[in-house]
Amino acid sequence: MNIDYNDAEAINKHLIHTYNRKIVFESGEGMYLTDVNGKKYLDMGAGIAVNALGYADKDFISDVTSQLNKLIHISNLYFSPSLIDASYLVAEATGLDKVFFTNSGTEAIEGALKMARKYKWLQNKESKGEIIAMEHSFHGRSMGALSVTGKEAYRTAFEPLIGGVKFAEYNNLDSVKALITPDTCAIILETLQGEGGIYPADDEFIKGIRKLCDENDIVMILDEIQCGMGRTGKMFTYEHYGIKPDIVTMAKAIGCGLPIGAFAASSKLMDALVPGDHGTTYGGNPLATAGVCSVFKNFKNKNILANVQKEGAYLRARLDELKDKYDCIIDVRGKGLMLGIEFNVAAGPIIEKLTDAGVLVIAAGTSIIRVVPPLIVEDKHIDSFIEALEGALA
Ligand SMILES: *Cc1c(COP(=O)(O)O)cnc(C)c1O
């Protein structure tokens with residue numbers, strides 16, 4: 001089409017303005033993206049923690065292309081080999097028994113909430129199906145996922161949302177305890193809060209919630225859509241705590257860019273949903289699940305977890321150095337390659353300067369920069385990022 005991609009008005013004209021976008025990207029390779037003018041950017045955001053294998057990974061493309069040529073879609077009325085293979089891979093990685101594939105993270109949350117409600121309903125048809133969620137959480141934008149998202153600015157205009165949701169304070173076990181009633185069916189939280197500002201859960205908090213859920217037969221839902229799939233150096237972040245949730249949600253990196261999510265559940269839950277209870281036309285289709293299988297294969301072949309542990313430590317050390325050097329950095333936190341840098345000034349102008357210098361990062365709240373690079377990042381990329389960040393701060 002004859003559109004000037006450098007014309008801000010033209011590129012925004014027919015897209016609903018729910019994002020403030022400026023750059024038009026055309027291609028990517030490894031850690032880098034290239035815009036329509038040929039400018040190259042180091043991507044430390046990975047399409048919001050999605051592109052774990054970076055851009056244009058040859059092995060991933062080869063597997064997905066081969067599936068593309070065989071079979072793209074058949075509906076969930078039938079099985080495909082890649083759907084079955086992917087279910088085994090997710091079961092093994094999560095340590096849970098059964099999985100349902102969706103098209104996005106939000107839909108994985110919807111499915112998890114429905115599963116928890118049905119589980120409680122089977123025990124007591126009068127149950128009010130109460131859910132405890134966390135302040136500053138993010139679980140998605142659909143009515144159900146938004147209902148458990150602890151950010152009022154996202155919610156207010158869209159109320160009434162689903163009922164029976166109460167918010168507790170993250171990392172404050174007593175505040176969770178205080179909200180439990182005989183009608184509580186689920187407690188949902190991110191194992192490491194992403195959008196809310198990169199807050200890892202305390203050991204005591206996660207283990208305390210596991211115990212509360214066990215004692216009161218409450219469904220523990222961990223949202224690992226962002227922090228799962230190797231991002232923190234283990235396949236799932238809950239492994240750092242030696243616990244297992246009843247349901248885990250995943251998406252983002254599980255398809256490395258193919259739109260797919262999933263929720264997996266323990267034996268306690270898995271029979272709550274029966275034929276007719278839940279469904280999706282695309283979810284888990286042959287193409288997307290072939291992508292999932294390829295992601296798992298490539299994680300193994302490319303030693304992704306070991307790289308996250310190594311480079312996560314290096315990035316953390318370099319950021320800690322900057323924190324000592326610059327007064328405007330008040331905190332560096334997170335796990336593995338999911339780190340947050342908190343400033344005592346607005347992050348927006350810093351991000352803009354970085355973008356001008358050809359480095360992409362993402363905000364999390366107004367004063368926090370989120371660093372979630374592809375999991376193939378190397379020392380040299382981290383060095384370039386640190387150099388650009390110092391330039392932006394100076
Ligand atoms: C991104 C995200 C979601 C929503 O996933 P979508 O694929 O955008 O629907 C939910 N929870 C967390 C923690 C996320 O980071």
Side-chain angles (χ1 to χ4, degrees), residues 16 18-19 21 45-52 90 94 100-116 131 133-151 154-155 158 161-162 165 167 170-171 186-201 206 220-232 236-238 245 247-264 280 282-285 288 291-292 295 334-340 361-365 368-373 375:
I16 294 176
T18 50
Y19 287 93
R21 291 180 272 223
I48 317 189
V50 169
N51 300 308
V90 171
T94 56
F100 183 101
F101 289 102
T102 64
N103 308 288
S104 67
T106 300
E107 285 169 76
I109 297 289
E110 295 292 329
L113 296 177
K114 280 180 72 177
M115 194 178 212
I131 297 160
M134 300 297 143
E135 290 165 10
H136 308 294
S137 61
F138 182 82
H139 299 293
R141 307 293 198 144
S142 63
M143 288 298 186
L146 192 54
S147 301
V148 291
T149 287
K151 184 163 175 179
Y154 288 174
R155 305 155 42 91
F158 304 101
L161 298 170
I162 67 166
V165 180
F167 290 94
Y170 198 73
N171 279 335
I187 299 177
I188 180 168
L189 64 152
E190 294 151 88
T191 323
L192 196 171
Q193 284 193 329
E195 297 285 320
I198 312 293
Y199 292 100
I206 285 281
M220 179 177 184
I221 305 172
L222 287 180
D223 179 349
E224 297 231 1
I225 289 168
Q226 189 163 161
C227 66
M229 289 307 290
R231 177 132 310 265
T232 65
F236 289 92
T237 300
Y238 57 75
I247 307 180
V248 61
T249 58
M250 65 208 84
K252 294 203 163 88
I254 191 177
C256 277
L258 291 176
I260 182 163
F263 61 99
T280 162
Y282 289 137
N285 86 9
V292 170
V295 168
K335 272 191 197 318
L337 287 172
M338 185 169 175
L339 296 180
V361 289
I362 312 169
I368 298 156
I369 284 179
R370 182 172 14 163
V371 193
V372 287
L375 305 184

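Counting starts at 1 for both ligands and their atoms, in listed order. Bear in mind the structure is a predicted one, so any value in this text is a computation, not a measurement.
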Item checked: Residue pair I254 / V295, side-chain heavy-atom distance below 4.5 Å -> no
Does [X] use its side chain to pair, donor to acceptor, with the backbone of [Y] at less than 3.5 Å?
X    : Y    : value
N171 : P200 : yes
Q193 : E135 : yes
R370 : V361 : no
T102 : S104 : yes
E224 : T237 : yes
S137 : G150 : yes

For [X], take its heavy atoms, then give the atoms of ligand 1 lying under 4.0 Å from any of them.
X    : answer
E190 : 13 (C)
S104 : 7 (O), 9 (O)
G105 : 5 (O), 6 (P), 7 (O), 9 (O)
H139 : 10 (C), 11 (N)

Next item on the list: Give a yes/no verdict on whether any heavy atom in I109 is under 4.0 Å from an atom of ligand 1.
Entry: no
Notebook entry, point to check: Closest non-hydrogen protein atom to atom 11 (N) of ligand 1, residue and atom name please, with distance?
Noted result: D223 OD2, 2.7 Å
Notebook entry, point to check: If we ignore angles and hydrogens, is there a donor and acceptor under 3.5 Å between the side chains of N103 and T280?
Noted result: yes
Is there any N or O on [X] that sits under 3.5 Å from an N or O of ligand 1?
X    : result
Q226 : yes
F138 : yes
T106 : yes
E107 : no

Next item on the list: Check each heavy atom of K252 against ligand 1 and say whether those closer than 4.0 Å belong to the side chain, the backbone, both or neither.
Entry: side chain
